[in-house]
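In what follows, every heavy atom counts, from backbone to side chain, and hydrogens, waters and symmetry copies are set aside. Here the structure is a predicted model, which is why all the values come from computation and not from measurement.
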Amino acid sequence: MRIGNKRGLQFATALLSCMAGFAGPASAQSSDLVVNSAVAPSTLDPAWACGLQEISFLQNFYVRLVQNGTAEGPEGTGVVDYSKIEPYLAKSWEVSEDGLVYTFHLKEGYTFESGKPVDADAVRYSLQRVLDMAGCGRFFLTDGHIDPVIFKSIEAVDPLTVEITLNKPNGNMLGDLATHAASIVDPSIVEANGGVTPGQPNEYMAANVTESGPFLLDSYTANQNARLVANPAFAGEAPASKAINVNWITALPTLLLQARTGQADITFGLAKQAVKTMVSNAGTRVIAYSSPFAQQMILPNTKAPWNNKLFRQAVAHAVPYESIVSRVAYGYGTQYYGPIPPSLPGFNAALSKPVPFDLDRAKDLIAESGVATPVDVEVMIQEGDATQQQLATILQSTWKDLGITLKIRVAPAAEFQDLSQGHRVQSLMRLDGPGVFEVGYYWGYDAVCGNPNNLTEYCNKDMDALIERLRASSDPAERQTIMDQATEIWRADYPKILFFEDQPVVVLSDAVTKFTFSPLPDYRYWAK
């Protein structure tokens, strides 16, 4: 499942949406680390969460079997490394030779806030709950293998041993178990508050947490603020901060002002233009990171004129990419062209060079394509999205000289989601990326034939065969060879336009001493 304009929400810098005003919780203390963002979570249930705003917040309250590693980032900060899987609740594990059976050996001493043990039965219950509820969490946990569900069984062999059996190999299984969907919840609390109803959300869990992880939820006002405190009973490594005060602020001038004056220690969600005004601000640092979310124009390959590969290639050459990165992204964008964003493990820069802006080449390709010009094309953009509006306007002006009249259709969030997911538009723009940061998962819906989430409607059977091999393989060398072969096939087909990979920007006050960036922020590594 993608994370993009899902359910009318969009990932516009690091985290950007409008849901709430600002008010500081009465329990906040001056020593708290203050984190400001424009986005508030709509659910706290790891089995139901879909968007960045939910995942980023709720994952801090739960332990999982495994976790992603970290690496050095810019300016003395860190970054989460999605290519590394490390122990978390599990101290070790074995995988059978056929890749079907995963046996996890758990650490001792982990408890829920209720005092009950975080044991093998709690792990079994939590994972099975995600599968039974069949919400967004199931897609993350199963790597998108839901027809049939890839899990054959989950068993608690003994209190400290969990055995997971799959019905086919999945090279990214450990990566899936590191996601929020694999969070270990307290079975006793869930069962006392509605239990599990197949296919339905749990109202209690939507607004509460059953902590097994590094933080406890000290206070929470939906859509406004929350205070997290370090869990004194947590058996793992203690978080870097004793308390974190999170504020969700929809008034972007207020967000900017509090970042500028140092009232906020960490700020997400500022528009790129506003970020530029912070570069020389005293007392703060502006740091750009990478994330696998790209600004793109979707060209449904089954709809005219996009069903003509040469015409798709022509318009790909008719995009002033460098100017767009400068004028629209204010420099916070990375150019490339290929099916793997630069920040995903497996990206090959030599095979993913940007398409050159060449209008003469574009004109020749249009003539070669046989598509009669002038031709009218409609692109749908989301209401209120300034970036999409700018991109569409630039193309409208540039393509006019090619005999292409680009008509811009502005749709409210709900209509945009309905029409795009229903494949009922000629083309559209969106900032989009994977929900699990792994190529096989991403291609599993973004590139395979016939998947309803494949908005480009791209279909190449050779590509499908490579994706199937990739998703079953755990060998790094074999996987890279497959990804390189698939990249060359995809590039030759020109299925969509990629303007740039977005670089989310975070503003840190000089008081911040520790910070590790992730597209799905993990608060454990932050302190002042």
* Asked: Without hydrogens or angle criteria, can the side chains of Ser42 and Glu54 be said to hold a donor-acceptor pair below 3.5 Å?
  -> yes

* For the ring pair Tyr289 and Phe517, is the centre-to-centre distance below 6.0 Å? -> yes

* Is the CD atom of Glu322 crowded by more than 12 outside heavy atoms at less than 6.0 Å? -> no

* Any chance the side chains of Asp45 and Thr43 put a donor and an acceptor closer than 3.5 Å? -> no

* Donor + acceptor pair across side chains of Ser183, Gln59 (<3.5 Å) -> no

* In terms of ring plane angle, is the pair Phe140 and His180 parallel, tilted or perpendicular, where the classes change at 30° and 60°? -> perpendicular

* To do: List for me each residue that meets ring-ring contact (aromatic ring centres under 6.0 Å, His included) alongside Trp526, sequence neighbours excluded, and say none if there are none.
  => Phe268, Phe515, Tyr523

* **Qualifying residues under ring-ring contact (aromatic ring centres under 6.0 Å, His included), relative to Tyr82, sequence neighbours excluded** => Phe437

* Exercise: do Asp484 and Thr487 side chains pair donor with acceptor under 3.5 Å -> no

* Could you walk me through whether Trp306 and Tyr494 pass the ring pair (Phe, Tyr, Trp, His ring centres under 6.0 Å) test, one step at a time? => CA-CA 10 Å; Trp306 314 124; Tyr494 289 89; over 10 Å; no

* **Non-neighbouring partners of Val425 that pass side chain to side chain contact (heavy atoms under 4.5 Å, CB included), sequence neighbours left out** => Met380, Leu419, Leu428

* Are Asp502 and Lys272 ion-paired here, with the side-chain N under 4.0 Å from a carboxylate O? -> yes

* **Heavy atoms of other groups near Glu75 CD, more than 12 under 6.0 Å** => yes

* **Residues Glu415, Arg424: salt bridge by 4.0 Å N-O rule** => no

* Would you give the length of the straight line joining atom CG of Asp432 to atom CD1 of Ile298, rounded to the nearest 0.5 angstrom? => 6.5 Å

* Between Lys407 and Glu378, is there a side-chain N and carboxylate O pair less than 4.0 Å apart? -> no

* Asked: Is there a side-chain contact (heavy atoms from CB on, under 4.5 Å) between Leu217 and Phe57 once you walk through the steps?
  -> CA-CA 11 Å; Leu217 186 57; Phe57 184 67; 4.0 Å; yes

* Asked: Charged N to carboxylate O under 4.0 angstrom, Arg138 versus Asp143?
  -> no

* **Ion pair Arg479/Glu438, N-O distance below 4.0 Å** => yes

